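Small disclaimer: the values here were computed from a predicted structure and weren't measured. In this chain, numbering begins with 1 at the start of the sequence shown.
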Amino acid sequence: MTYCLIGTVWLKCKYSWWLVLACLNPDDLIISKMFRGTLVDVQDSIVMIKSARLDLKALAVRYKSTAEYCFNPSECKKNLDYLTDELERQELDASDLREISDSWIP
């Protein structure tokens, strides 16, 4: 197993002559799932947030900056609000996500 730079992220990669396998870090996986924003994506994201003990402020900042490249950033914001609401419903601290989301005007 080796590491390769994909964009600005170092990922674990395995190379062969026809295929490269790489894994996303939890932040990037949550961002990609929440851009789609289904119930299953929110549930998966909550499990990753609980298990990886992520810096939610850094996640929210990265989510917002990544959403700027999306053709519909207001939909991305709606999905971030959905995740934040679900975290709060489960009595988890989502104040950092809420702070970024409330100040974000796509």
Nearest-0.5 Å distance that lies between atom CE in Met48 and atom CD1 in Ile30: 4.5 Å

Salt bridge (Lys or Arg N to Asp or Glu O under 4.0 Å) partners for Lys77, two or more places apart: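 Salt bridge (Lys or Arg N to Asp or Glu O under 4.0 Å) check on Lys77 returns Asp81.
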
Within one Ile-Leu-Val-Met-Phe-Trp-Tyr cluster: Leu80 and Leu39, side-chain cutoff 4.5 Å: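 In one cluster: yes.
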
Could you work out, with side chain to side chain donor-acceptor pair (under 3.5 Å) as the rule, every residue matching [X], not counting sequence neighbours?
X: Asp55; result: none
X: Arg53; result: none
X: Glu91; result: none
X: Asp102; result: none

For Phe35, ring-ring contact (aromatic ring centres under 6.0 Å, His included) partners two or more places apart: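 Expected list: Tyr63.
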
Applying side chain to side chain contact (heavy atoms under 4.5 Å, CB included), can you list everything that pairs with [X], at least two apart in sequence or on another chain?
X: Thr38; answer: Arg36, Val40, Asp41
X: Ala52; answer: Pro26, Leu54
X: Glu99; answer: Lys57, Asp96
X: Lys78; answer: Glu75

Side chains of [X] and [Y]: closer than 4.5 Å at any heavy-atom pair?
X: Gln43; Y: Glu86; answer: no
X: Asp85; Y: Arg89; answer: no
X: Leu97; Y: Ser95; answer: no
X: Thr84; Y: Leu87; answer: no

Stepwise side-chain contact (heavy atoms from CB on, under 4.5 Å) test for Ile46 and Leu83: CA-CA 8 Å; Ile46 290 171; Leu83 174 63; 3.8 Å; yes

Looking only at non-hydrogen atoms, find the nearest pair between [X] and [Y] and report the distance.
X: Asn79; Y: Met34; value: ND2-O, 2.9 Å
X: Asp93; Y: Leu56; value: O-CD1, 3.4 Å
X: Cys76; Y: Cys70; value: SG-SG, 3.6 Å

Residues clustering with Val47 (ILVMFWY side chains joined when closer than 4.5 Å, directly or via others):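 Cluster partners of Val47: none, it stands alone.
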
Cluster companions of Ile100 among Ile, Leu, Val, Met, Phe, Trp, Tyr (side-chain spacing under 4.5 Å):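 Direct or chained contacts put Ile100 with Val61.
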
Asp44 and Lys33: CA distance, side-chain angles, deciding distance, salt bridge (Lys or Arg N to Asp or Glu O under 4.0 Å) verdict: CA-CA 8 Å; Asp44 290 346; Lys33 290 185 87 46; 3.1 Å; yes

